[in-house]
Chemist: 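Below is the structure I would like to discuss, written out as C-alpha cells.
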Amino acid sequence: MSAIPVLAGVIIVTFLLLRLVPGNPAREVLGIHASPRAVDALTRQLGLDQPIWRQFWRYLDGLFHANLGDSIYYHSPVVSLIATRIGLTAALVALASAFSVIITVPLAALAATHQNRPSDHAVRAVSLFGLGMPTFWLGIVLGIIFGLHLHWFPVGGQGSGFWGTLHALILPALCAALAIAPVLIRSLRVGMLDVLGADYIATARAKGLRRWRVTLVHVVRNALIPSVTLLAVNIAYLIGGTVVIEQVFDLNGLGTLMLNSIGNRDFPVIQGVTLVYALAVIVVILISDLVTARLDPRVRLR
Amino acid sequence: MSAEAVIGVDDAGESIVARSSFWSRARRSPTFLVGGSLTSLILLILFLAPVLARHNPDTLNLTSLLSGPTSQHWLGTDDLGRDEWARVLYGGRTDIEVGVVTVLFPLIFGVAIGTFIGYVGGVVDTIVMRVVDVVLAFPFYVLIIALVAFIGAGVHGIFLAFGLTDWVVYARLTRSSTIVARHQDWVAAAVNGGVPRWRVLLRHIIPNTISQSLVYVMSDIVLVILAVVTLGYLGLGLQPPSPDWGAMIGEGQAYIFTNQWQVLIPGIALLLTGTGFSLLGDGLADVLRPQ
C-alpha cells in the first residue's frame, strides 16, 4: 500500500461523507421545526453555501492547520474533543493488540505443528465457532460472567487512576482480541504451515540441527514476516471493533464520541473521528511495512 | 461405488479420471455436510416461523414482563411482555433476509468490475485499485457506521453503505484470478479462433474465476449479518417495530441484572447461524477447490 495516494483518497472520502446526507445537512441537523434563518446561518457556518471546490479547499486548509472544524453540538473544536478521548481508545487498542498476540500465536503454532491431529482440529473448530460471534454480544456475555457473577472486573465505566483504568480496560480489550482471534488464528496457521513445509526447513533438519534450533531460528523468523502483515491488517479491523466495544462497556473514548455525535447529528465530529480512525490504520500498516522490511532482507533490498 | 470414473489412460500410463461431480465431492466433505444441514435447518425453522411461534412477535403482554421460560412463553418475555421465541424467529428472518439481499449487489458489481479491470488492465486498473485501497484503509465498522450515519439508519442505509464498500473485496479476488486466466493457453486459443471478446469473458474466463467469489460470499453473508445486527444494537440498523436480534440484545442489556435471557437467546441464535454459514463456506471451498 502506498501511503500518499491512500491518504489523499481517505481525505476526499471523509470530505464527501457530508454529501451523502439527503437534502440540506443543516436542515437535517436542526430538524423540521427550525426557522429558515437558523438553517441559513448553519448552512453558512458549515460552508455549504459555497461551491464544492471551495468547500474542499477550506477543508484541506483546515487539515493543514490541524483544524477539523467545530462541533455543532458541543460548540468546541473537533480536534480538542478528539484529543481528550483518543488516549483511552489508544490504550484499549494497544492492550487488545497485546492480548491478541498472546492468544493467537501460540494457538496457531499448536495447530500448525500438529496438523490434522486432534489439537489442530480443536483449534480450528473453536475458531470457526468464533467467526459467527458478534463482538458486542461477546462483550455483554463477558461482562455477565466476569463482572456480574465473579466480580473480577467492572461491568462498565473506565475507573480512575492508571491502575483503575487498566483494570477497567482488561475485559473490553479481551473482547476486542477475541473478536479478531478466529480470523487471525486461521490465517496464521496457514502461514506457519507454508513455512514448515518449505525446503529450507527440511534442509535444516537434514543437516542435523537440533529441533529447538530449527524452530527458533528458521521457523519462527520466517513465520514472523507474514504474521506481522496479518497482525497489522487485523489490528486495523480491531480498531473498528473498539467503536462498538466502547459502547458495550460504557467507555468514553473516540467510538463513544462518534456514536453520540451520530445521535446529535453532529456531522463535523463524525467526519473528524472517521478521518482519525483511518489515519490510525494507515500508520499501523506503515509500521508493519517497516518492520517487515527489517525482518526480511528480500523486501529491504528491493 | 467410486465417485471417479476412469475414462482412459494417458501417455504416462496414469488413469485419466473424469472430474467427479459437485455432489459426489460434496458428499465426501464432512464440513460441507454439517454446515449445509445446520444452515438448512435454521432456514427451515425461520421459514416455518408463522407455524412455530404461538404468539405475534409484536403483541404486548403487560401482565408478564421479563419472565423466564414458561409453558406459555417458551423462551420468556421481554421488557414489554413480547414473546421472546416469536421475536427470535421473526428477528432472524429479517436479519438473514437483509444479510443475503445486501451481498447481492456487491457480489455482482464486484465480480463485473474485477473481471473488467483484470482483463483490460492499464490505467483503468490502476485507478480502480487505488479506490479499493482507500476503501480498505478505513476500519470496516467505522466506515459502515459513518456511512449509515450520513445516509440515515434503516434498510436503505444498510444497502447503500454495503453497496458502496463491500464490492472491493470481490473486485480484488476476481481481478487477480482474471489476470491469471487471461494468460492461459485456452483463452489465447479462443481469441485466436475468432471468438468475440464478450463471449471469451462470459464463457471462458468468468466460469473459471467465479468460484472464489462464490466461496467468499458465504463468509461475507456472516460478516454482513453480524454487521446488520451490530448496527441494530447501536440503534442504526433496522428500525422498530421490525424485530431484529441486535435491537433485542440492546434492549435486553438494560435488564441484565434481573433477566439475562433476553441478551443470551438472540446471541446464541446468531452464533448458530454464523457457524452454519461459516461451515458451509469452508465446505464449499473444499468442494470447489480444483483437484
Side-chain angles (χ1 to χ4, degrees), chain A residues 1-3 5-10 12-14 17-22 25 28 124 128-138 140-141 143-144 148 155 182 233 236-244 247-248 255 258-259 261-263 265 267 270-271 273-274 277-282 285, chain B residues 31 35 126 130-131 133-153 156-157 160-161 164 219 222-223 225-227 229-231 233-236 245-246 249-250 252-253 256-257 260 263-264 266-268 270-279 281-282:
Chain A
M1 182 171 90
S2 36
V6 171
L7 185 65
V10 161
I12 295 172
V13 169
T14 43
L17 277 177
L18 197 55
R19 303 273 124 202
L20 289 172
V21 178
E28 188 70 16
R124 291 175 69 188
L128 196 99
F129 200 57
L131 283 179
M133 180 102 70
T135 316
F136 70 94
W137 185 73
L138 177 67
I140 300 174
V141 172
I144 290 177
L148 219 55
V155 184
V233 172
Y237 186 82
L238 183 150
I239 291 175
T242 59
V243 175
V244 186
Q247 180 78 7
V248 173
M258 181 176 186
L259 292 171
S261 302
I262 293 173
R265 320 294 291 144
F267 293 126
I270 311 175
Q271 275 177 305
V273 175
T274 307
Y277 274 119
L279 292 182
V281 170
I282 294 177
I285 304 276
Chain B
T31 324
T126 315
R130 281 277 170 273
V131 174
D133 283 344
V134 170
V135 172
L136 292 175
F138 288 91
F140 174 69
Y141 271 106
V142 171
L143 188 55
I144 294 294
I145 291 173
L147 286 171
V148 172
F150 283 95
I151 300 165
H156 171 72
L160 254 171
L164 285 169
S219 333
V222 177
L223 268 179
I225 292 177
L226 283 181
V229 173
T230 305
L231 287 171
Y233 168 73
L234 297 174
L236 296 169
W245 288 344
I249 296 173
Q253 200 188 359
I256 55 167
F257 291 97
Q260 289 149 17
V263 165
L264 293 179
I268 292 169
L270 185 53
L271 195 56
L272 287 174
T273 311
T275 309
F277 276 103
S278 303
L279 278 170
D282 271 23

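All chains are named by letter (A, B, ...) in the order of the sequence lines, taking the proteins before the strands, and each is independently numbered beginning at 1.
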Chemist: Going by the rule side chain to side chain donor-acceptor pair (under 3.5 Å), which residues pair with Arg124(A) if we only count those two or more places apart in sequence or in a different chain?
Modeler: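 Arg124(A) satisfies side chain to side chain donor-acceptor pair (under 3.5 Å) with no other residue.
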
Chemist: Find the one option among Leu18(A), Ile270(A), Ile144(A) whose heavy-atom pairs under 4.5 Å with chain B are most numerous.
Modeler: Ile144(A)

Chemist: Side chains of Leu226(B) and Tyr141(B): does their closest heavy-atom pair fall under 4.5 Å?
Modeler: yes

Chemist: Given the options Leu264(B), Thr273(B), Leu272(B), Leu143(B), which has more heavy-atom pairs under 4.5 Å with chain A than any of the others?
Modeler: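 Among Leu264(B), Thr273(B), Leu272(B), Leu143(B), the one with the most close pairs to chain A is Leu264(B).
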
Chemist: Is it the backbone or the side chain of Ile140(A) that comes under 4.5 Å from a heavy atom of chain B, or both, or neither?
Modeler: side chain

Chemist: I need the Asp282(B) CG to Thr31(B) OG1 distance, nearest 0.5 Å.
Modeler: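 Between Asp282(B) CG and Thr31(B) OG1, I get 6.5 Å after rounding to 0.5 Å.
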
Chemist: Picking from Leu17(A), Val141(A), Leu138(A), which has the most non-hydrogen pairs under 4.5 angstrom with chain B?
Modeler: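 Top count of heavy-atom pairs under 4.5 Å with chain B: Leu17(A).
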
Chemist: Kindly indicate whether the side chain of Tyr233(B), heavy atoms from C-beta on, has any atom under 4.5 Å from the side chain of Trp245(B).
Modeler: no

Chemist: Between CZ of Phe138(B) and CG of Leu147(B), what distance do you get to the nearest 0.5 Å?
Modeler: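 Going from CZ on Phe138(B) over to CG on Leu147(B), the span is 8.5 Å.
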
Chemist: What is the distance from atom CG of Asp133(B) to atom CG of Leu7(A), rounded to the nearest 0.5 Å?
Modeler: 12.5 Å

Chemist: Please look at Tyr277(A) and chain B and tell me whether the side chain, the backbone, both or neither of the residue comes under 4.5 angstrom of a heavy atom of that chain.
Modeler: both

Chemist: Using heavy-atom distances under 4.5 Å, tell me whether Ile268(B) contacts chain A through its side chain, its backbone, both, or neither.
Modeler: both

Chemist: Side chains of Ile249(B) and Phe136(A), heavy atoms from C-beta outward: is any pair under 4.5 Å?
Modeler: yes

Chemist: Please rank Ser261(A), Gly143(A), Ala8(A), Pro134(A) by heavy-atom pairs under 4.5 Å with chain B and give me the top one.
Modeler: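 The candidate making the most pairs under 4.5 Å is Pro134(A).
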
Chemist: Please classify the contact of Val229(B) with chain A as side chain, backbone, both or neither, using a heavy-atom distance under 4.5 Å.
Modeler: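 Val229(B) touches chain A through backbone and side-chain heavy atoms alike.
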
Chemist: Measure Val273(A) against the heavy atoms of chain B and call it side chain, backbone, both or neither at under 4.5 Å.
Modeler: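 Neither; nothing under 4.5 Å.
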
Chemist: In terms of heavy-atom proximity below 4.5 Å to chain A, should Leu271(B) be classed as side chain, backbone, both, or neither?
Modeler: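 Both the backbone and the side chain of Leu271(B) come within 4.5 Å of chain A.
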
Chemist: So which part of Val243(A) gets closer than 4.5 Å to some heavy atom of chain B, the side chain, the backbone, both or neither?
Modeler: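 Only the side chain of Val243(A) comes within 4.5 Å of chain B.
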
Chemist: By a 4.5 Å heavy-atom criterion (distance strictly below it), what part of Phe267(A) contacts chain B: side chain, backbone, both, or neither?
Modeler: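 Both backbone and side chain of Phe267(A) come within 4.5 Å of chain B.
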
Chemist: Are Val244(A) and Thr135(A) close enough that some pair of their side-chain heavy atoms sits under 4.5 Å apart?
Modeler: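 Heavy-atom side-chain distance check fails, nothing below 4.5 Å.
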
Chemist: If we define contacts as heavy-atom pairs under 4.5 Å, which of Gly267(B), Ala227(B), Ala149(B), Ser278(B) has the most with chain A?
Modeler: Gly267(B)

Chemist: Show the nearest heavy-atom pair for residues Pro139(B) and Ala236(A), with the distance to one decimal.
Modeler: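 Reported closest heavy-atom pair: CB-O, 3.5 Å.
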
Chemist: If we define contacts as heavy-atom pairs under 4.5 Å, which of Thr14(A), Leu20(A), Ile239(A) has the most with chain B?
Modeler: Leu20(A)

Chemist: If I measure from the heavy atoms of chain B, does Val10(A) come under 4.5 Å with its side chain, its backbone, both, or neither?
Modeler: both

Chemist: Given heavy-atom pairs under 4.5 angstrom as the criterion, report whether the side chain, backbone, both or neither of Leu279(A) touches chain B.
Modeler: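 It is neither, since no heavy atom gets under 4.5 Å.
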
Chemist: How long is the span from the CG atom in Leu234(B) to the CE atom in Met258(A), to the nearest 0.5 Å?
Modeler: 10.0 Å

Chemist: Ignoring hydrogens, what is the shortest heavy-atom contact between Ile282(A) and Ala137(B)? Give both atom names and the distance.
Modeler: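 Shortest heavy-atom separation between Ile282(A) and Ala137(B) comes out as CG1-CB, 4.3 Å.
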
Chemist: Only pairs of heavy atoms separated by less than 4.5 Å count here; which of Val135(B), Val222(B), Ile145(B) has the most with chain A?
Modeler: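 Highest number of pairs under 4.5 Å: Ile145(B).
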
